[in-house]
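One structure is given here, and the rest of the page talks about it.
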Amino acid sequence: MLLKDQSSSAGMDYIEMKRRGNFTRRILFVCVVFALLIFIFKRPSSISGSTKFSMHEVGVTHVLVTGGAGYIGSHAVLRLLRDSYRVTIVDNLSRGNMGAVRVLQGLYPEPGRLQFIHADLGDAAAVEKIFAENAFDAVMHFAAVAYVGESTSEPLRYYHNITSNTLLVVKAMAARGVKTLIYSSTCATYGEPDTMPITETTPQVPINPYGKAKKMAEDIIIDFSKTTDMAVMILRYFNVIGSDPEGRLGEAPRPELREQGRISGACFDAARGIIPGLKVRGTDYKTRDGTCVRDYIDVTDLIDAHVKALAHSRPGKVGIYNVGTGKGSSVKEFVEACKKATGASIKVDYLSRRPGDYAEVYSDPSKILRELNWSAKYTDLEQSLSVAWGWQKAHHNGYDD
Ligand SMILES: O=c1ccn([C@@H]2O[C@H](COP(=O)(O)OP(=O)(O)O[C@H]3OC[C@@H](O)[C@H](O)[C@H]3O)[C@@H](O)[C@H]2O)c(=O)[nH]1
């Protein structure tokens, strides 16, 4: 009985040991699976805000593109990826579109090519974290509010957004030893000069909060650069139009900002019938037909200037360049070109002047040709608008289509 009991107890021990062994193996298996999952999900992903993403390891330039989900920024990202750069986009999506980021991710899905970080550059801790966790070689700083009309009704927003965010970006660059900055500035920093065309030495006397804030941001960058060996390129854009010739990206302003928006967006909205007609703001300027004259530069050319600026940037040097065609077109001429490009009969209402507007600006682009070997290639307004219309037609609801 006792023996029987003992043998039965030994049998029980053996079964118990086997059960425990199986249990341990299961635990080990689960641990290994967990470790594998952690390894997979911690690798650089295309949507991640916390992955260390060093470009230097692979000898490829890693560019931080602020505002990379926006109209101009997304076109810059596309070009940089095409040219084999690695890119991190930081965007708060207040004006930019996640749809543009998704297009770019779809085109360049390989791990480590494109990283998107949803963050606001006004958040100092977030900016510091982004720079601490990534090794950037260069920054292209596009992110900013950028409507002249809106800047006159919301000046504090413009001063804050444009100056403070630039300050935080530059501070973070300095703290982490990021040596190259390409800054998006604007012809609006010149205001309304007495002589045309505008050269880089034309006095900057901005007349609206947008232009004034951009001039302040330029000053912040230039003054800081004198204390370091940072390479700085300041590009003063004239009026940007057009879109990716392959139709992958376009200009998709927020519908709620229609009233404040740029002439190109308003023309396309009128051509699609989204708004009843185009409002031409001011017909009594001292220009050839009474409407404002602007220098319209195609976004493909503009981004080419950025890539050339990056290639020509030198430590301790500040380069300042106008980016324009050198040719001025009036609002009326723009509307005619838009009618031809869209084939739509756009109804035009003539209204009083928009606050903050200046009569006539166009660039002298000879410095950028001389020093960076850049000149605009897409100088036919109607052609640039036709390309942009191609994307607009296919995206009635912007990137939501
Ligand atoms: O609906 C509209 C929009 C604009 N316009 C006029 O079209 C002209 C161009 O205006 P836009 O708003 O397109 O462009 P702006 O010249 O004011 O500034 C633009 O160019 C310089 C960039 O740095 C700015 O970010 C950009 O907004 C102005 O005369 C404006 O009054 C209209 O007549 N109707």
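Remember, it's a predicted structure, so these values are computed and weren't measured experimentally. Both counts, for ligands and for their atoms, begin at 1 and track the order of listing.
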Centroid-centroid distance, Phe268 to Trp391, less than 6.0 Å: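 No, the ring of Phe268 stays outside the 6.0 Å limit from the ring of Trp391, centre to centre.
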
Non-hydrogen atoms of Ala126 and Ala119 that approach each other most closely: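 Taking Ala126 first and Ala119 second, the nearest heavy atoms are CB-CB, 4.5 Å.
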
Taking only distance into account, with no hydrogens and no angle test, what donor-acceptor pairs under 3.5 Å do side-chain atoms of residues 374-383 form with protein atoms, sequence neighbours excluded?
unit_1 : atom_1 : unit_2 : atom_2 : d
Trp374 : NE1    : Asp301 : O      : 2.9
Asp380 : OD1    : Glu382 : N      : 3.0
Asp380 : OD1    : Gln383 : N      : 3.3

Atom pairs, nitrogen or oxygen, ligand 1 to protein, under 3.5 angstrom:
unit_1   : atom_1 : unit_2 : atom_2 : d
ligand 1 : 10 (O) : Arg354 : NH2    : 3.4
ligand 1 : 12 (O) : Arg354 : NH1    : 3.0
ligand 1 : 12 (O) : Arg354 : NH2    : 3.1
ligand 1 : 13 (O) : Ile263 : N      : 2.8
ligand 1 : 14 (O) : Asn239 : ND2    : 3.1
ligand 1 : 16 (O) : Asn239 : ND2    : 2.9
ligand 1 : 16 (O) : Arg294 : NE     : 2.7
ligand 1 : 17 (O) : Arg354 : NH2    : 2.7
ligand 1 : 20 (O) : Asn239 : OD1    : 3.4
ligand 1 : 20 (O) : Asn239 : ND2    : 3.2
ligand 1 : 23 (O) : Thr186 : OG1    : 2.7
ligand 1 : 23 (O) : Tyr210 : OH     : 3.0
ligand 1 : 25 (O) : Ala146 : O      : 2.9
ligand 1 : 25 (O) : Tyr210 : OH     : 3.0
ligand 1 : 27 (O) : Ala146 : O      : 3.1
ligand 1 : 31 (O) : Asp357 : OD2    : 2.4
ligand 1 : 33 (O) : Lys279 : O      : 3.3
ligand 1 : 33 (O) : Arg281 : N      : 2.8
ligand 1 : 34 (N) : Lys279 : O      : 2.6

Pairs involving residues 161-172, ordered by first then second residue, that meet side chain to side chain donor-acceptor pair (under 3.5 Å) (sequence neighbours left out):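 Side chain to side chain donor-acceptor pair (under 3.5 Å) check on residues 161-172 returns His141-Thr166.
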
Set of ring-ring contact (aromatic ring centres under 6.0 Å, His included) partners for Phe238, sequence neighbours left out: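 Expected list: none.
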
Electrostatic pair Arg79:Asp304 at N-O distance under 4.0 angstrom: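 Salt bridge between Arg79 and Asp304, a charged N being under 4.0 Å from a carboxylate O: yes.
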
